[in-house]
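Below you'll find the structure, written out as structure tokens, and then a few comments.
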Amino acid sequence: WTLGSAKNDTTTTITSDNPDPSNIGQVVTVNYTVTSNVADAPPITGNVTVTVNDASGDTCTGTVAAGTCALTLTTSGSKTLTATYSSDANFNGSSDTEGHVVAIPDINVRDGRAAEPASGSTNLLFTVALSMPAPTAVSVNFQTAAGGANPATAGTCGAGGDYVTTSGTVNFAVGQQVQSIAVPICADGAAEIDETFLVNLSTPVNGTIVDGQAVGTITNNAPGTLLI
């Protein structure tokens, strides 16, 4: 290696980014190397900065000698990490890219079942579950709808409804994994077969809907009838 008026080129390489995939808020260790493109060069000095191709501003910086920095990713999805060596007095800068995935939880809603109350109303509960504890706030909207093998009548209790039309948002705080949706079902005193309705999920935030529809079954409990 001979010092000249021109700087020598370098090659920056991301050697690992662990864990991949990661979760939102989880520390990712990014390891890298910076090497000279000419033989017998002196040690390369300076810093390497790792950035992400989104608007989060997530970044980390480490020295060439350290060969690593700790990156905390705050948004989900498929990312491109870019490690950029900033150059020094003898060497030009260089960069490398690496794909990385920040996972978000799957969202599933489970079927529910409850007996028609003898009077008034009671709640039929549906479980909404994430595939992992929420790494950040997660939410999903829900809405009842007609459907199933023997569709029940939507409405209000005391006005001919078998269940109360219900909608809203299920919210998961950080660390939570299971929540419930409560739909009021109504007494009507009539002898009838089991009735059904649906709960549909929509508009997830920081999660992916995998099973977004549940069947609610209202079982008949009228006196003198057979429970199916």
Side-chain angles (χ1 to χ4, degrees), residues 1-108 129-141 171-177 201-212:
W1 181 85
T2 302
L3 177 64
S5 58
K7 294 183 179 182
N8 290 283
D9 291 334
T10 59
T11 297
T12 297
T13 304
I14 297 175
T15 57
S16 64
D17 51 311
N18 292 314
D20 183 14
S22 63
N23 297 326
I24 292 175
Q26 185 174 21
V27 174
V28 176
T29 300
V30 182
N31 295 319
Y32 52 80
T33 60
V34 181
T35 57
S36 171
N37 289 1
V38 295
D40 301 320
I44 300 173
T45 62
N47 294 326
V48 173
T49 298
V50 178
T51 56
V52 186
N53 67 327
D54 57 25
S56 66
D58 298 336
T59 186
C60 68
T61 300
T63 64
V64 172
T68 188
C69 68
L71 179 65
T72 301
L73 296 166
T74 59
T75 61
S76 62
S78 296
K79 312 291 184 182
T80 299
L81 309 183
T82 301
T84 302
Y85 167 56
S86 57
S87 79
D88 66 8
N90 297 317
F91 294 96
N92 293 316
S94 56
S95 64
D96 187 33
T97 60
E98 178 74 15
H100 186 90
V101 174
V102 182
I104 55 178
D106 294 337
I107 305 174
N108 298 279
L130 306 180
S131 58
M132 66 178 78
T136 188
V138 176
S139 65
V140 66
N141 293 342
N171 293 293
F172 296 84
V174 173
Q176 292 183 326
Q177 194 168 0
L201 303 184
S202 65
T203 321
V205 176
N206 294 326
T208 300
I209 296 174
V210 173
D211 185 350

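Heavy-atom basis, side chains included; hydrogens, waters and symmetry copies ignored.
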message: Is there a side-chain contact (heavy atoms from CB on, under 4.5 Å) between V64 and T45? Walk through the geometry before answering.
response: CA-CA 6 Å; V64 172; T45 62; over 6 Å; no
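- Applying the side-chain contact (heavy atoms from CB on, under 4.5 Å) test between Y85 and each of N47, T33, I44 identifies I44 as the sole match.
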Listing, residues 56-63 side-chain donor-acceptor contacts under 3.5 Å, not counting sequence neighbours, or none:
unit_1	atom_1	unit_2	atom_2	d
S56	OG	D54	OD1	2.5
S56	OG	D58	N	3.1
S56	OG	D58	OD2	3.0
D58	OD1	T74	OG1	3.0
D58	OD2	T74	N	2.8
D58	OD2	T74	OG1	3.0
T59	OG1	V50	O	2.7
T61	OG1	T49	OG1	3.1
T63	OG1	A66	N	2.9

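- The two residues S202 and V140 have their closest heavy-atom pair at O-CG2, 3.3 Å.
- How far CE of M132 is from CG of N23: 5.0 Å, rounded to the nearest 0.5 Å.
- Scanning all heavy atoms of the two residues, the minimum distance from G93 to S87 falls at N-CB, 3.5 Å.
- Side-chain contact between D106 and L130 is absent, with no heavy-atom pair separated by less than 4.5 Å.
- Atoms OG1 and CG, on T29 and D17 in that order, are 10.0 Å from each other to the nearest 0.5 Å.
- Nearest heavy atom pair, residue K7 against residue D88, reads NZ-O, 2.9 Å.
- With a 4.5 Å cut-off on side-chain heavy atoms, Q26 and L73 do not count as touching.
- The side chain to side chain donor-acceptor pair (under 3.5 Å) with S94 is formed by just one residue from the set T10, T35, T13; it is T10.
- Side-chain N/O atoms of S95 and T84 include no donor and acceptor closer than 3.5 Å.
- Applying the side-chain contact (heavy atoms from CB on, under 4.5 Å) test to T97 and every residue at least two apart in sequence or in another chain returns T80, T82.
- Taking OG of S36 as the reference point, atom CG of N92 lies at 10.0 Å (rounded to 0.5 Å).
- Here the shortest heavy-atom pairing between P19 and V27 reads CD-O, 3.7 Å.
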Let me have the donor-acceptor pairs involving side chains of residues 203-212, under 3.5 Å, with sequence neighbours excluded, atom names and distances please.
unit_1	atom_1	unit_2	atom_2	d
N206	ND2	A137	O	2.8
D211	OD1	Q213	N	3.4

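- Using modelled atom types and a 3.5 Å distance limit, the side chains of N31 and S16 yield a donor-acceptor pair.
- In this structure, D20 and G99 approach most closely via the heavy-atom pair OD2-O, 3.5 Å.
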message: Set out, in order, the CA-CA distance, both residues' side-chain angles and the distance that settles side-chain contact (heavy atoms from CB on, under 4.5 Å) for V34 and F91, then state yes or no.
response: CA-CA 10 Å; V34 181; F91 294 96; over 6 Å; no
field: Intermediate values then yes/no, side-chain contact (heavy atoms from CB on, under 4.5 Å), Y32 and D96
entry: CA-CA 9 Å; Y32 52 80; D96 187 33; over 6 Å; no
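- Between the side chains of T11 and N37, at least one donor-acceptor pair of N or O atoms lies under 3.5 Å.
- I14 and A83 make their closest contact through CG1-CB, 3.6 Å (heavy atoms, listed as atom of the first residue, atom of the second, distance).
- Atom CG of residue N53 and atom NE2 of residue H100 lie 11.5 Å apart, to the nearest 0.5 angstrom.
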